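Reminder, nothing fancy here: chain letters follow the sequence lines and each chain counts from 1. Because the structure is a prediction, the values reported are computed rather than measured.
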There are 2 protein chains.
Amino acid sequence: MAITIRDIAQHAKVSVTTVSRVLNDRPDVKEATRVKVNAAIDELGYSPNIVARGLVLQKSHVIGFIVPDITNPSFPELARGIVAQARGYGYSVMFYDTNHDRRVEKEAIRLLKSKQVDGIILSFNEANKEELERLKHEHFPIVQIYRKSSNSVVSTIALDNVKSGYVATKYLISLGHKRIAHISTGEQVQSGSERLQGYREALSEAGLPYEEDLVCFGVNSAASGKECMEELLSLDESGRPTAVFTCHDIMAAGAYDAILAANLRIPDDISIIGHDNNQLSLLIHPKLTTVDTYKHQLGQKGVDLLLEQMNAEEPTYKEVLCETGLVIRESTRSIE
Amino acid sequence: MAITIRDIAQHAKVSVTTVSRVLNDRPDVKEATRVKVNAAIDELGYSPNIVARGLVLQKSHVIGFIVPDITNPSFPELARGIVAQARGYGYSVMFYDTNHDRRVEKEAIRLLKSKQVDGIILSFNEANKEELERLKHEHFPIVQIYRKSSNSVVSTIALDNVKSGYVATKYLISLGHKRIAHISTGEQVQSGSERLQGYREALSEAGLPYEEDLVCFGVNSAASGKECMEELLSLDESGRPTAVFTCHDIMAAGAYDAILAANLRIPDDISIIGHDNNQLSLLIHPKLTTVDTYKHQLGQKGVDLLLEQMNAEEPTYKEVLCETGLVIRESTRSIE
DNA sequence: TTGTATGCGTTATCAA
DNA sequence: TTGATAACGCATACAA
């Protein structure tokens with residue numbers, strides 16, 4: 001600490017300019033002086049003040065990352081992907097958890113900009129529209145992950161939820177199921193509405209009817225998943241589904257509860273497919289068939305997209321849709 | 001962006017010093033000028049460059065946070081606690097996930113210091129001893145959370161694992177269990193060895209023998225928990241435990257698998273108590289009795305401890321031990 | 001009550 | 001190949 005470029009300049013008997021040159025690997029410095037300077041650096045244990053450097057270079061090599069709730073299982077893996085990818089490009093990441101509070105979101109953005117981050121990756125629940133508009137207007141580099149409003153105003157990286165809903169449902173169809181229920185988070189939630197759409201497309205393609213009785217709306221929690229499943233189980237024998245696609249693994253875990261409580265077996269009596277490939281999905285019994293969202297990769301691509309923006313002359317705008325992948329485990333079975 | 005204190009000085013027709021004064025709420029400025037300056041600030045949409053301020057004040061108001069793996073369920077909640085508490089004190093947090101790589105740990109420390117963080121909270125698996133020694137030597141403020149080596153060289157905040165092992169075991173004893181097994185992560189892991197010690201103390205206090213057959217060593221994974229449980233179930237009828245204390249919830253989830261596979265029921269045939277109060281513990285069936293580690297609070301206290309160090313004249317050294325709390329759910333029953 | 005000048009640690013410009 | 005100097009955006013000692 002407290003030891004600066006000036007100290008090592010004195011110690012090596014050269015100017016600060018020269019020290020700066022060897023620090024930045026400039027070619028225009030004699031080998032002998034380079035050695036001398038490096039010796040001084042080692043001897044005094046100097047490490048450059050990147051903040052001061054950023055001041056003159058107008059670049060902090062820090063990006064901001066804002067999430068509503070890091071304990072939500074969608075985020076830790078995403079965070080890893082972001083941190084790892086950023087590190088690869090020489091960037092650090094400043095992290096905010098807003099606890100779903102819009103005021104905190106706004107404050108986080110303000111603070112991050114005050115701290116001169118070069119760009120921000122964020123994932124708001126309800127996109128804080130005015131804030132995003134302002135940032136866009138300023139051409140401030142920003143990427144939204146898992147956007148929740150379809151008419152987003154900034155560059156976005158999201159899941160292809162329609163496709164994943166389609167794939168999950170289609171898999172159940174391929175196993176011979178005809179009465180396939182869906183536990184959804186509803187039309188108001190972007191992922192919910194998109195996965196529902198995929199579900200409908202798969203049914204329709206297979207010539208199966210869309211039955212309102214078989215679609216249940218709840219929120220992303222085990223309790224809600226359980227309630228929905230109970231409702232589905234209350235249908236009379238002939239109307240009861242043989243398979244269920246739940247919008248999230250956590251809701252599937254709740255559905256498990258309801259099914260076990262009804263003395264039914266998974267997948268013998270009923271097949272379940274979840275979505276997200278939470279750690280949880282491997283720990284519940286039977287292991288849950290689900291759809292992986294490759295969150296780590298999502299984070300990496302988010303950083304790539306952000307850097308692309310930061311390096312672009314003209315402000316760019318892009319929407320990237322990421323693939324998902326079926327993970328077949330033990331909670332689904334063929335009924336042919 | 002690009003709009004500085006100088007711009008608003010010109011706009012308000014005062015000196016930068018005066019602007020700086022109103023920015024920092026100094027009393028020695030006439031009300032009229034204050035109004036004038038604030039008007040200019042609003043009009044131009046100025047926000048101060050905190051990095052530049054930090055350069056002169058020698059304080060960044062940023063703390064570093066390093067974890068080996070944020071997807072490990074111990075960390076997200078801890079991270080929330082840290083970010084929230086830091087925010088309360090006006091600090092931002094720069095975050096690194098090292099993926100258990102010691103080289104990355106070292107690089108993260110170096111980078112964070114280069115970026116002038118005011119202190120670092122870290123949680124290494126194998127404490128990177130030399131690094132910590134160096135930091136301590138430099139009087140660089142640092143706090144280690146969940147330390148894993150008992151002879152730590154820096155301030156530390158950790159769980160009272162001996163006590164939580166004791167409390168968990170004692171609870172099983174209070175339910176009337178006499179043959180209580182323990183699935184442990186072993187003597188080599190700090191938390192494992194401490195919880196094992198608590199287990200032994202509780203047995204000994206109750207006059208129950210310590211039986212090597214009933215203690216199984218594995219690692220913190222569901223698969224390992226399952227293997228250990230299978231081993232315990234292979235004991236002959238009379239030697240089989242009626243209750244098991246597992247070192248982690250995830251291992252308990254694995255134990256569930258083994259028990260169900262053996263056509264036994266929880267808690268009817270065997271009681272299980274876990275440790276950590278993972279989200280998982282509420283989602284498996286039956287809901288797991290466990291020990292909460294109050295990770296959010298742990299994060300908050302970590303920040304408090306760090307700030308205490310940062311503000312101290314003399315370098316301080318402290319070890320804080322945090323309480324844990326029994327959470328009674330459905331996986332344990334009385335057998336009297 | 002306000003302004004001038006200097007410095008925080010670094011890089012860039014220009015001249016030597 | 002090297003060095004003196006200005007600048008990045010801000011705060012502060014000192015003078016006015």
Side-chain angles (χ1 to χ4, degrees), chain A residues 1-38 40-41 44-62 90 92 110-118, chain B residues 1-41 44-62 90 110-118:
Chain A
M1 278 297 157
I3 141 144
T4 79
I5 199 175
R6 207 143 12 218
D7 297 319
I8 77 131
Q10 284 182 0
H11 198 270
K13 298 187 202 319
V14 294
S15 71
V16 293
T17 310
T18 302
V19 177
S20 177
R21 282 195 180 99
V22 346
L23 245 31
N24 293 285
D25 272 324
R26 290 283 151 71
D28 53 349
V29 41
K30 199 165 57 179
E31 188 53 26
T33 41
R34 184 186 304 279
V35 169
K36 198 167 55 177
V37 168
N38 278 323
I41 289 177
L44 302 191
Y46 165 79
S47 89
N49 181 331
I50 298 189
V51 167
R53 174 183 294 166
L55 188 60
V56 14
L57 261 31
Q58 305 280 50
K59 211 157 177 331
S60 64
H61 280 270
V62 177
S92 303
R110 199 178 49 70
L111 229 42
L112 285 172
K113 287 183 57 186
S114 266
K115 300 223 169 168
Q116 308 305 110
V117 299
D118 295 331
Chain B
M1 275 302 157
I3 141 146
T4 78
I5 199 175
R6 206 145 12 219
D7 297 318
I8 78 131
Q10 285 182 0
H11 198 271
K13 299 188 203 317
V14 295
S15 73
V16 293
T17 310
T18 302
V19 177
S20 175
R21 283 197 180 96
V22 346
L23 246 32
N24 293 285
D25 273 324
R26 289 285 150 70
D28 54 350
V29 43
K30 200 164 55 177
E31 189 53 25
T33 42
R34 185 187 303 279
V35 169
K36 198 168 55 177
V37 168
N38 277 323
I41 289 177
L44 302 192
Y46 166 79
S47 90
N49 181 330
I50 298 189
V51 168
R53 175 182 293 166
L55 189 59
V56 12
L57 260 32
Q58 304 283 47
K59 210 158 177 333
S60 64
H61 281 271
V62 177
R110 199 180 47 72
L111 231 39
L112 285 172
K113 287 183 59 186
S114 266
K115 300 224 168 165
Q116 309 303 112
V117 299
D118 296 331

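Residues that satisfy the ring pair (Phe, Tyr, Trp, His ring centres under 6.0 Å) test with B:His61, not counting sequence neighbours, are B:Tyr91. The side chain to side chain contact (heavy atoms under 4.5 Å, CB included) search around B:Leu112 returns B:Ile66, B:Met94, B:Tyr96, B:Val117, B:Ile120, not counting sequence neighbours. Residues satisfying the side chain to side chain contact (heavy atoms under 4.5 Å, CB included) criterion with B:Asp25, sequence neighbours excluded, are B:Arg34. Partners of B:Lys59 under the salt bridge (charged side-chain N to carboxylate O under 4.0 Å, His left out) rule, at least two apart in sequence or in another chain, are B:Asp118. For the salt bridge (charged side-chain N to carboxylate O under 4.0 Å, His left out) test, residues two or more places apart in sequence or in another chain that qualify with A:Arg21 are A:Asp28. Listed by chain and number, the residues in a side-chain hydrogen bond (donor to acceptor under 3.5 Å, both in side chains) with B:Lys115 are A:Ser92 (sequence neighbours excluded).
Heavy atoms of A:Val51 sit nowhere under 4.0 angstrom from any nucleic acid atom.
A:Pro48 and B:Ser114 make their closest contact through O-OG, 3.1 Å (heavy atoms, listed as atom of the first residue, atom of the second, distance).
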Atom pairs and distances, side-chain donor-acceptor, residues 5-18 of chain A, under 3.5 Å, sequence neighbours left out:
from, atom 1, to, atom 2, distance (Å)
A:Asp7, OD2, A:Thr4, N, 2.7
A:Ser15, OG, A:Thr17, N, 3.4
A:Ser15, OG, A:Thr18, N, 3.2
A:Ser15, OG, A:Thr18, OG1, 3.2

Practice task
Sugar-phosphate atoms are those with a prime plus P, OP1 and OP2; base atoms are the rest. Using that split, label each nucleotide of nucleotides 9-16 of chain C B, S or - for protein heavy atoms under 4.0 Å, 5' to 3'.
Solution key: BBSBB---
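Look at CD on B:Gln10: it is 15 Å from C1' on C:dG3, rounded to the nearest Å. For the pair B:Lys13 NZ and C:dT2 P, the interatomic distance rounds to 16 Å; values are reported in whole Å. Distance, B:Asp118 CG to C:dC8 P: 18 Å, rounded to whole Å.
Fit an axis to the five pairs at each end of the helix from C:dT1-D:dA16 to C:dA16-D:dT1 and the two axes sit 40° apart, to the nearest 10 degrees.
Between B:Thr18 and C:dG3, a side-chain N or O to OP1/OP2 separation shorter than 4.0 Å is present. Close to C:dT2, at under 4.0 Å from its OP1 or OP2, lies a side-chain N or O of B:Thr33.
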